[in-house]
Colleague: 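Sharing a structure here in structure tokens format.
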Amino acid sequence: MPDCLVEAKRIANTVIAGWHGRRKRGIGENFWQFRPYAEGESLSRIDWRRSARDDHTYVREREWEAAHTIWLWCDMSPSMMYKSSHGSVSKESRALVVMLALAEILARSGERIGCPGIMEPASTRNAAERLAAALMHAPLTGGLPETGMIRGWSDLVLIGDFLDDAPVIMERLGPLARRGLHGHVVEIADPAEEIFPYSGRTEFIDPETGAKLISGRAEHIRETYRNAYLARRESLGQSLRHLGWTFTTHRTDHLASEALVAVHMYLSGMPAKATHGGLL
């Protein structure tokens, strides 16, 4: 955990010096946009310098900077410990780094950061340190988090491998969307889970149940496996987008900053661009 925290801070410092508001009109210090003056508005709101450039009268609007509650969660189940020779780190390590880096960035802008069942929302500059300490003392649990404590219109960022069937996952997430939560799901994948590089006699072990499968010629099931794996991902992504949530795929052989930037853009209300990191 200390190593993940150090890496998270390094990435946060490299990617963004500070989080630029919530990208809405409202009370704040930063300039948001000019818009045409509407009859009946106070003349004190007119930006005379901008209005002098043409024949229209404009009002200067500021950006909304009210604190918002954002819940961060990452999967700590046994399957997240997986790391193949094709990945640079384990899925668990990458998920923790992304979550703590998000906490670091969001805390700088005064957002309230919480973790379901682990840490109550708090607006503090050391949110990443507090979250790391809370995770170190929390019992290891698998599956999606309990969310009964989440109230109001909050954002929920879920980071994990999401290897269950899409209908099973959506059975848990669907009610959250109907409660008004804005969700952002980040799927962490090891490259070997996508490309299936195995051949010859291979023994596969389920890290959750310990169940074993021995394949005499693993290369013969590669295409079938890959089709099933990608179909699960596509089904999950479509279901989440139907709810109005976002879905991002990140492989552990790519930079953690790619996932961080994608989620940051979603939280800022800006459309994220597809990259070689697998953004969907």
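Counting from 1, the numbers follow the sequence of the chain as shown.
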Colleague: Walk me through whether Leu173 and Leu158 qualify under side-chain contact (heavy atoms from CB on, under 4.5 Å).
Modeller: CA-CA 10 Å; Leu173 300 185; Leu158 303 172; 3.6 Å; yes
Colleague: Are Val186 and Leu255 linked, directly or through intermediate hydrophobic residues, by side-chain heavy-atom contacts shorter than 4.5 Å (ILVMFWY only)?
Modeller: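 Different clusters.
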Colleague: Are Met136 and Met76 grouped together when hydrophobic residues (ILVMFWY) are joined by side-chain heavy atoms under 4.5 angstrom apart?
Modeller: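 Yes.
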Colleague: Of all heavy-atom pairs between Ala256 and Val98, which one has the smallest distance, and what is that distance?
Modeller: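 Residues Ala256 and Val98, closest heavy atoms: O-CG2, 4.2 Å.
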Colleague: Does some side-chain heavy atom of His182 sit less than 4.5 Å from a side-chain heavy atom of Tyr266?
Modeller: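 Result no, sub-4.5 Å side-chain heavy-atom pair not found.
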Colleague: Looking at Ser84, is its backbone amide N or carbonyl O close enough to the side chain of Asp190 to form a donor-acceptor pair, meaning the two atoms are under 3.5 Å apart?
Modeller: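 The answer is yes, because a donor-acceptor pair under 3.5 Å joins these two groups.
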Colleague: Return the minimal non-hydrogen interatomic distance between Ile205 and Glu203, and the atom names on each side.
Modeller: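 Closest approach of Ile205 to Glu203, heavy atoms only: CD1-OE1, 3.9 Å.
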Colleague: Is a side-chain N or O of Glu187 found less than 3.5 angstrom from the main chain of Phe247, in a donor-acceptor match?
Modeller: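 Checked: no pair found.
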Colleague: Out of curiosity, Leu106 CG to Ile113 CD1, how far, rounded to the nearest 0.5 Å?
Modeller: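 The CD1 atom of Ile113 is 4.5 Å from CG of Leu106, to the nearest 0.5 Å.
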Colleague: Report yes or no: does Asp165 contribute a side-chain atom to a donor-acceptor pair with the main-chain N or O of Pro167 at less than 3.5 Å?
Modeller: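 Checked: no pair found.
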Colleague: Any side-chain heavy atom of Leu240 within less than 4.5 Å of one from Met170?
Modeller: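 Yes. Closest side-chain heavy atoms under 4.5 Å.
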Colleague: Does anything in residues 156-176 form a ring pair (Phe, Tyr, Trp, His ring centres under 6.0 Å)? List the pairs, not counting sequence neighbours.
Modeller: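 For residues 156-176, and leaving out neighbouring residues, there are no ring pair (Phe, Tyr, Trp, His ring centres under 6.0 Å) pairs at all.
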Colleague: Using modelled atom types only, decide if a donor and an acceptor are shared between the side chain of Arg232 and the backbone of Ala166 within a distance under 3.5 Å.
Modeller: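 Not at all, since once roles are kept as given, no pair shorter than 3.5 Å links the two residues.
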Colleague: Please report the interatomic distance OG(Ser123) to NE2(His68), rounded to the nearest 0.5 Å.
Modeller: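 Output value for this atom pair is 12.5 Å.
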Colleague: Of all the heavy-atom pairs spanning Val185 and Trp245, show the shortest one and how long it is.
Modeller: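 Closest approach of Val185 to Trp245, heavy atoms only: CG2-CE3, 4.1 Å.
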Colleague: So, the side chain of Arg201 versus the backbone of Arg217: is there a donor-acceptor pair under 3.5 Å, distance only?
Modeller: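 Pair absent, no side-chain N/O of Arg201 close to backbone of Arg217.
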Colleague: Walk me through it: do Cys115 and Leu72 pass the test side-chain contact (heavy atoms from CB on, under 4.5 Å)?
Modeller: CA-CA 5 Å; Cys115 182; Leu72 306 176; 5.6 Å; no
Colleague: Using side-chain heavy atoms (C-beta onward) and a distance below 4.5 Å, is Cys74 in contact with Ile188?
Modeller: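 A side-chain contact under 4.5 Å is absent here.
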Colleague: Following the transitive rule for hydrophobic clusters with a side-chain heavy-atom cut-off under 4.5 Å over Ile, Leu, Val, Met, Phe, Trp and Tyr, establish whether Val89 and Leu260 coincide in one cluster.
Modeller: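 Different clusters: Val89 never reaches Leu260 through Ile, Leu, Val, Met, Phe, Trp or Tyr contacts under 4.5 Å.
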Colleague: Under a 4.5 Å cut-off applied to non-hydrogen side-chain atoms, are Thr249 and Glu194 in contact?
Modeller: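 SC-SC contact between Thr249 and Glu194 confirmed.
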Colleague: Please check if Phe204 and Leu163 belong to a single hydrophobic cluster, counting links between Ile, Leu, Val, Met, Phe, Trp and Tyr side chain heavy atoms closer than 4.5 Å.
Modeller: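 Phe204 clusters together with Leu163.
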Colleague: Kindly indicate, with the supporting measurements, whether the criterion side-chain contact (heavy atoms from CB on, under 4.5 Å) is fulfilled by Leu100 and Met1.
Modeller: CA-CA 10 Å; Leu100 294 173; Met1 188 66 72; 4.2 Å; yes
Colleague: Can you tell if the side chain of Leu102 reaches within under 4.5 Å of the side chain of Ile105, non-hydrogen atoms only?
Modeller: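 Leu102 does not reach Ile105 side chain to side chain.
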Colleague: Just how far is it from atom CE of Met80 to atom OG of Ser93, taken to the nearest 0.5 Å?
Modeller: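 Atom-to-atom, Met80:CE and Ser93:OG are 9.5 Å apart.
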Colleague: If the plane angle is over 60° it's perpendicular, under 30° parallel, otherwise tilted; pick one for Phe196 and Tyr225.
Modeller: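 Taking Tyr225 first and then Phe196, their aromatic rings sit tilted (interplane angle of 30° to 60°).
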Colleague: Any heavy-atom pair between the side chains of Ser90 and Thr252 that's under 4.5 Å?
Modeller: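 A side-chain contact is absent here, since even the closest heavy-atom pair is not under 4.5 Å.
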Colleague: Please confirm whether the backbone N or O of Gly200 pairs with a side-chain atom of Glu219, one donor and one acceptor, at under 3.5 Å?
Modeller: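 Checked: pair present.
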Colleague: Can you tell me how far the OG1 atom of Thr124 sits from the CZ atom of Arg112, to the nearest 0.5 Å?
Modeller: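 Interatomic distance, Thr124 OG1 to Arg112 CZ, rounded to 0.5 Å: 12.0 Å.
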Colleague: Applying salt bridge (charged side-chain N to carboxylate O under 4.0 Å, His left out), which residue pairs with at least one partner in residues 87-105 are found, sequence neighbours left out?
Modeller: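 Of all non-adjacent pairs touching residues 87-105, those that pass salt bridge (charged side-chain N to carboxylate O under 4.0 Å, His left out) are Lys9-Glu104, Lys91-Asp161, Lys91-Glu193, Glu104-Arg108.
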Colleague: Is it the case that over 12 heavy atoms from other parts of the model lie below 6.0 angstrom from the CE atom of Met81?
Modeller: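 No.
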Colleague: Could you give the distance from CD (Glu111) to OG (Ser154), rounded to the nearest 0.5 Å?
Modeller: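 Going from CD on Glu111 over to OG on Ser154, the span is 11.0 Å.
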Colleague: What heavy-atom pair brings Ala103 and Ala127 nearest, and what distance separates the two atoms?
Modeller: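 Minimum heavy-atom separation between Ala103 and Ala127: O-CB, 4.3 Å.
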Colleague: Locate the shortest heavy-atom distance separating Trp71 from Pro116; write the atom from each residue and the value.
Modeller: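 Closest approach of Trp71 to Pro116: CE3-N, 3.6 Å.
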Colleague: Kindly write out the residues that satisfy ring pair (Phe, Tyr, Trp, His ring centres under 6.0 Å) with Tyr82, not counting sequence neighbours, or none if the list is empty.
Modeller: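 Residues passing ring pair (Phe, Tyr, Trp, His ring centres under 6.0 Å) with Tyr82: none at all.
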Colleague: If I compare all heavy atoms of Arg50 with all of Asp47, which pair ends up nearest, and what's the gap?
Modeller: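 Closest approach of Arg50 to Asp47: N-OD1, 2.8 Å.
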Colleague: Roughly how far, to the nearest 0.5 Å, is the CE atom of Met265 from the OG1 atom of Thr248?
Modeller: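 Reported value, rounded in 0.5 Å steps: 10.5 Å.
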Colleague: Inspect the surroundings of NE2 in His137 and state if more than 12 heavy atoms from other residues, nucleotides or ligands are less than 6.0 Å away.
Modeller: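 At most 12 heavy atoms, drawn from other residues, nucleotides or ligands, come within 6.0 Å of this atom.
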Colleague: If we ignore angles and hydrogens, is there a donor and acceptor under 3.5 Å between the side chains of His184 and Asp155?
Modeller: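 Checked: His184/Asp155 side chains pair up, N/O donor to acceptor below 3.5 Å.
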Colleague: Taking C-beta and beyond as the side chain, do Leu135 and Leu96 meet within less than 4.5 Å on heavy atoms?
Modeller: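 They are in side-chain contact.
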Colleague: Might you work through the side-chain contact (heavy atoms from CB on, under 4.5 Å) test for Ser215 and Ile221, ending with a clear yes or no?
Modeller: CA-CA 9 Å; Ser215 173; Ile221 63 174; 4.2 Å; yes
Colleague: Is a side-chain N or O of Ser235 found less than 3.5 angstrom from the main chain of Ala231, in a donor-acceptor match?
Modeller: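 No; judged by distance alone, with no hydrogens or angles, the pair does not exist.
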Colleague: Is any NZ, NE, NH1 or NH2 atom of the basic residue among Glu7 and Arg10 found under 4.0 Å from an Asp or Glu carboxylate oxygen of the other?
Modeller: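 Counted as a salt bridge, because a side-chain N and a carboxylate O are separated by less than 4.0 Å.
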Colleague: Does any part of the side chain of Ile46, heavy atoms only, come nearer than 4.5 Å to the side chain of Ser51, both counted from C-beta?
Modeller: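 Yes - at least one pair of side-chain heavy atoms lies under 4.5 Å apart.
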